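Single-structure report; data block below.
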Amino acid sequence: MTTFEEIGVPASLTASAAAMGWAAPTPIQEQAVPAGIAGRDLIARAQTGTGKTGAYALILMSRLPAGGRRPSALVIAPTRELAIQIDGELQKLARGSGHVSTAVYGGARYGLQSEALRRGVDIVVGTPGRLRDMTERGILILDEVKTVVLDEADRMLDMGFEEDLDFLIGAVPKPRQTLMFSATMTKGVERLAESKLSDPVKADVSVDEPVTGLTRQYAVPVMRNEKREVLQQILNNGTPKAIVFCATKLMVETLYEELHVDRKTGMLHGDMPQSLRERVIRQFRENRILVLLATDVAARGLDVNDVDLVVNFDAPSEPETYLHRIGRTGRAGKEGVAVTLYTRQETHRMYDYEEITESRIRKASPEELEPIEAVHEPVPLEPRPERRERRPRMERRDGRGPATVVLQVGLGRDDGLNRTQVADFVRSRARLGENDVGKVGLGNASSFVEVRTDVAEKAVADLSGCIHDRKVVTAVIAPRKTPYAEKVGHRS
Ligand code: AMP
C-alpha cells in the first residue's frame, strides 16, 4: 500500500490526514499529488467521493508556505455549498500545517468575508461570481497567488461561469500552477484546459457505469413520426421508474409537455438552474417523479440505484453514450430493462451497441416488451414550515428607502416556466441568495420579480442578455407607480 510519505506529503500534513481517519492516499491522490507537488499543471477526471478535495488540498499545503497575508492559492468551485465544504476540509487538514483558509460566496454579506481576507489568508475558496466581485472591488488581491484550482470545472461551465473564470485566472500573475478537476471531460472542459493549462499531467479515476447481465436490452424499430406514441406505449406498460434519454433539450421539453399531465414526470437539461436540477433529482430519488426526461449532460452524476427502465428515445451515435445511459439501470443487484427506439437508418448503431456491451440486444415490437410492475412508495414529505419562517421579511440593509423593488423579466408561461422556476432562474443567473428574491408575479411573456433594492441594479445587469432556451432575456426595474400588490396579485 502506498503511503502519504511516498507521494511526497510532509509529516505535518500526514499527521492531520491520519487524524481525519485517512489511512492511505486514494487513487486520485496517488496520481495527482506527486505531479502537483512538483509544480506541474494537472487535469483530473474525478467525481465527488474520490478524495479529489484532499488531492489538491495536499498539493497546496505541501507546496505553499503558511502564514501569508495575501492568498497564495485560489480555489474556485461552482456552488456555495461546495465552497463551504471545501473550506471545512482545508481547515481540518491545516491543523498540522498552520495554513489559513476562508470561503467567500454569494448570498452572504461582504462584511465578514472581507474581514477574514483582511486578517490574512493563505487559501481563498469561493464561487466565481463573488470572487470576481471582491477582486473588482479591491477586497481580494490575487497578485500573490501561485496556484489556482478549478473544482467541478464542467459544472462551472454548465452554469455559465466561463467569463468569470477567465477574469479570475487572468488576475493571477504568471507563471502560475493550474489544477483542474472535472467529473466529465466535455468539449468545453477540454477547450478550457487547452487555454488555461500548460503541459498538464492527466489523471483519471472515473469509473464508467458497468453494464451488468442484469440489464435486458431491447431495440424497437420505429418510424420517426411514431416515436412519441411508442414511448407512451412503453411507459404505460406497467409502472416503471424510468429515465428517458433524448438527444436535445428541445425534445426533453417537448416530451415533458406531453407527458407531465397524467404522470409523475420531471425533466433535466443543461439550461435549468442548478437548484432546480437538484430538486428534480431529489424528487426522482424519492419516487415523487417516476419518469425522468433527460439529456446526457444533465443526467451525468445522477446517482439513483432503483431505475427499472432506461429508454433511449433517440439512439445515440456514440456507443459509449449508449453504454453510459443503460448503466443507469440494472444496478445494485436489481434487474433492469433498456429499450432503444431506432429508425431504419439507425439500424447499424444496434450492432455497435452489441459490440460495446458484449451482449445481445433483442429486436422487439412495443407489444412484445415485458410489463414492469414496480412498487414505488413515495417517501413521506417532511412537514413544511410556515412560509413566514421560510422567507424572512426583506428589509433594506441600510434602513433607508423601500426594501425591495420589482423587476420585469422577459420570461413567463410562454417559456414553459412556473413561478418557482422564474425565481430560480433570477437567483442563479444574478447570483442572488435565497432571501434576495421575493414574490413572483407570473405573466405569459414576462414576469414581475421582487428583489432586494440593494441588489436590483446588479441583478438587472446580470440578467439582461442572459440566454434562456435560445431566447435573450430582458430585465428592467419596473416603474414604481403601480402598487406592488396590484402588480403581483398573489403570493409566490
Ligand atoms: P471528495 O471526493 O473530495 O468529495 O472526498 C470524499 C470524502 O473522502 C471526504 O469525506 C474526504 O474527507 C474523504 N477522503 C479524502 N481523502 C481520503 C483518504 N486518503 N482516505 C480516506 N478518506 C479520504
Side-chain angles (χ1 to χ4, degrees), residues 1-37 42-64 73-97 99 101-103 105 122-128 147-156 158-159 177-185 189 201-209 274 277-278 281-282 285 300-305:
M1 195 168 69
T2 314
T3 63
F4 283 110
E5 287 80 5
E6 281 165 345
I7 61 168
V9 175
S12 57
L13 287 169
T14 53
S16 33
M20 289 165 78
W22 301 1
T26 65
I28 186 68
Q29 291 163 2
E30 268 187 57
Q31 287 183 37
V33 172
I37 291 180
L42 176 79
I43 176 156
R45 188 155 85 123
Q47 279 110 352
T48 300
T50 53
K52 65 184 166 73
T53 316
Y56 62 75
L58 290 169
I59 294 171
L60 298 177
M61 294 184 197
S62 301
R63 273 196 92 214
L64 306 169
L74 169 67
V75 180
I76 316 176
T79 63
R80 155 200 177 118
E81 292 69 32
L82 188 61
I84 293 171
Q85 192 186 314
I86 294 167
D87 182 41
E89 184 135 334
L90 289 170
Q91 292 193 13
K92 277 192 231 157
L93 206 54
R95 284 193 192 130
S97 70
H99 288 84
S101 84
T102 196
Y105 40 80
D122 298 298
I123 306 172
V124 59
V125 188
T127 50
T147 304
V148 178
V149 178
L150 304 177
D151 198 346
E152 301 202 355
D154 48 354
R155 217 164 136 199
M156 291 201 281
D158 244 24
M159 291 169 78
Q177 181 186 35
T178 313
L179 311 173
M180 189 159 139
F181 292 79
S182 188
T184 54
M185 283 300 143
V189 171
V201 170
K202 297 196 168 83
D204 190 342
V205 294
S206 70
V207 275
D208 276 325
E209 319 273 352
Q274 186 61 29
R277 281 198 251 172
E278 280 165 12
I281 291 172
R282 196 171 56 239
R285 197 170 281 135
R300 59 143 206 259
L302 178 72
D303 191 21
V304 178
N305 275 330

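This structure is a prediction, so every number in the text was calculated from the model and none was measured. Whatever order the structure lists ligands and atoms in, that order sets their numbers, starting from 1.
- Residue-to-ligand polar distances keep Ala23 apart from ligand 1: every N/O pair is separated by 3.5 Å or more.
- Taking both residues in full, the closest heavy atoms of Ile7 and Ile37 are given as O-CD1, 3.9 Å, listed atom of the first, atom of the second, then distance.
- Applying the 4.0 Å criterion to heavy atoms of Phe4 picks out, from ligand 1, the atoms 19 (N).
- Distance from atom 6 (C) of ligand 1 to its nearest protein heavy atom, with residue and atom name: Gly49 CA, 3.7 Å.
- Residues Ala44 and Met185 share a closest heavy-atom pair of O-CE, 3.9 Å.
- Every N/O-N/O distance between Gln85 and ligand 1 stays at or above 3.5 Å.
- The protein heavy atom nearest to atom 3 (O) of ligand 1 is Thr53 OG1, 2.5 Å.
- Taking a cut-off of under 4.0 Å to the non-hydrogen atoms of Thr50, the atoms of ligand 1 that pass are 2 (O).
- Distance from atom 16 (N) of ligand 1 to its nearest protein heavy atom, with residue and atom name: Gln29 NE2, 2.8 Å.
- Closest heavy-atom contact between Thr127 and Tyr105: OG1-CA, 3.4 Å.
- Minimum interatomic distance between Thr2 and Ala24 (heavy atoms only, all atoms of both residues): O-CB, 3.6 Å.
- Judged by distance alone, with hydrogens and angles left aside, the side-chain atoms of Glu89 form no donor-acceptor pair with the main-chain N or O of Thr53 at under 3.5 Å.
- Among protein heavy atoms, atom 13 (C) of ligand 1 sits closest to Trp22 NE1, 3.9 Å.
- In plain terms, the two heavy atoms of Asp151 and Pro78 that are nearest each other are O-CD, 3.4 Å.
- Of all heavy-atom pairs spanning Val125 and Ala83, the tightest one is CG1-O, 3.8 Å.
- Applying the 4.0 Å criterion to heavy atoms of Ala24 picks out, from ligand 1, the atoms 18 (C), 19 (N), 20 (N).
- Looking at ligand 1, you'll find an N or O of Gly51 within less than 3.5 Å of one of its N or O atoms.
- Residue contacts with ligand 1 leave out Ala17, since none of its heavy atoms falls under 4.0 Å from the ligand.
- What sits closest to atom 11 (C) of ligand 1 on the protein, heavy atoms only, is Glu89 OE2, 3.5 Å.
- Atom NZ of residue Lys52 and atom CG of residue Leu179 lie 12.5 Å apart, to the nearest 0.5 angstrom.
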